[in-house]
Amino acid sequence: DDAFWARQTRKIVEARDCVDAIMIEDATGVLTPELTRSLVATVQANCEGIPLEFHAHCTSGLAVPCYLEAIQLGVTTVHTAVAPLANGSSLPSTETILRNAKRLGYASNVDEDALAAVSAHFQAVAESEGLPVGAPAEYDVFLREHQIPGGMIANLRRQLSELGMEERLDEVLEEVVRVRRELGYPVMATPFSQIVAVQALENVVAGERYARAPNAVVKYVLGWYGEPAGPIDPDVADRVTSLPEAKKLAGTELEASLKTLEELREELGPELSDDELLVRILVRGKGGGRPPERERAAAPAASAAPARAPLPLAGEPLAFTVDVDGEVFRVKVFPEQAGAEQAAPVPPTAERPQPLPPGAVVADAAGMLLSIKPSVGDVVHEGDVIAVVEAMKMMREVRSPRSGVVSEIHVRDGETVNPGDPLLVIESHAA
């Protein structure tokens, strides 16, 4: 309500020395022109002159009139996208907002010749590569129920496509509505939108609700993210807290994880700037932190058997994983060969052994591999966490289906894996 947004705005004003502007963001696309009018007016009345920016996605089809309401109320900076990349679950097109703003009597400092050139470039790219261009979305009241942000809709489609379940998107979105209600109606913004969506996807794919839960869902139910907006369904809470992951996270681990800023600076690097320190803290769960001394001391000697696949040989491609606004892409860079214009690509069979070796443990979902826990020669037991995969910014643990010895590892940290890709091989051994 207006009182809530007034309080939130005043909190930002209290830190105005660190604030250049206040951005009103609607990643889900649930704002209406009427709500925009009320929200912008409330923020303006409490922002003490700090400039406002407006950012809303077109998922509901109402973003353009919301932008025009914001402009007429005095917002001078709005976020847009060139026409081929606009609309749908993206932002309104720059061309449309400019045209309508001019009609309302406003001017802009946008170089329209440069805008036309950029738009033409991306239109040509889309046509040459057979890619879709942005198209306005029709209003769908279902959006107000599931409230999944536009970028996550694209990620859900990709995840389901890689699982061969494209036709089940509506089923997943219906499950999102149910999961959100059961988790106490968390606001559908990062990280809570990922928490809800990944659990809903897990429920649909597994065919059994809450049979598994990502660590972030467990932490949410255990209170690591603070008091939920509403009560969590008791049956769901009981089911999640009875999972093995919850038993490991329960107790004093939360308190142990709450280190002071001074402790984190000492651990991650006293020489780091404030910005670098914050980045390290944010990515430490993905290997961004400084490894403890005991881990560095335990690093295998150069003569030890390799625990990871070897680096590419000369002439082979280097693989990189690129995260673009939450969507993960696999990129290969081929080195140039003397006397040749382009290096020949490595045949697919060089990337993945086919058929699967006996004892292979495969990925059950697409995502980025954050870590492989064991090394070659390690003994693992049934139920041990052997890998962690990230999908839609949520970590997903892969557990060993059997006890045995790790004899091969087929992937490396940072690699993108798809369902059915072999991660490692476990050879059974006598108990």
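Side chains of C66 and F54 form a contact here, defined as non-hydrogen atoms less than 4.5 Å apart. I386 has its side chain within reach of V361: a pair of non-hydrogen atoms, C-beta onward, lies under 4.5 Å apart. Side-chain contact between Y67 and T80 is present, with heavy atoms from C-beta onward closer than 4.5 Å. H381 has its side chain out of reach of S400: every pair of non-hydrogen atoms, C-beta onward, lies at least 4.5 Å apart.
Between the S93 side chain and the A86 main chain, no donor and acceptor come within less than 3.5 Å of each other.
Ion pairing between E182 and R209 holds under the 4.0 Å rule for side-chain N and carboxylate O. Ionic pairing of E175 and R168 is not present here: no N-O contact between side-chain nitrogen and carboxylate oxygen is shorter than 4.0 angstrom.
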Step by step, work out the side-chain contact (heavy atoms from CB on, under 4.5 Å) result for L156 and L169. CA-CA 7 Å; L156 279 173; L169 177 61; 4.1 Å; yes

Could you walk me through whether Q199 and N203 satisfy the side-chain contact (heavy atoms from CB on, under 4.5 Å) test, starting with their C-alpha distance in whole Å, then the side-chain angles of each, then the deciding distance to 0.1 Å, before giving a yes or no? CA-CA 6 Å; Q199 185 62 62; N203 291 351; 2.8 Å; yes

side-chain contact (heavy atoms from CB on, under 4.5 Å) for V411 and D421? Distances and angles first, verdict last. CA-CA 9 Å; V411 288; D421 284 352; 5.7 Å; no

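Nearest heavy atom pair, residue S403 against residue E382, reads OG-N, 3.0 Å.
Relative orientation of the F192 and Y225 rings is perpendicular, given thresholds of 30° and 60° on the angle between their planes.
Side-chain atoms of H55 and E53 form no donor-acceptor pair, as typed in the model, at a separation below 3.5 Å. Side-chain atoms of Q123 and S119 form no donor-acceptor pair, as typed in the model, at a separation below 3.5 Å.
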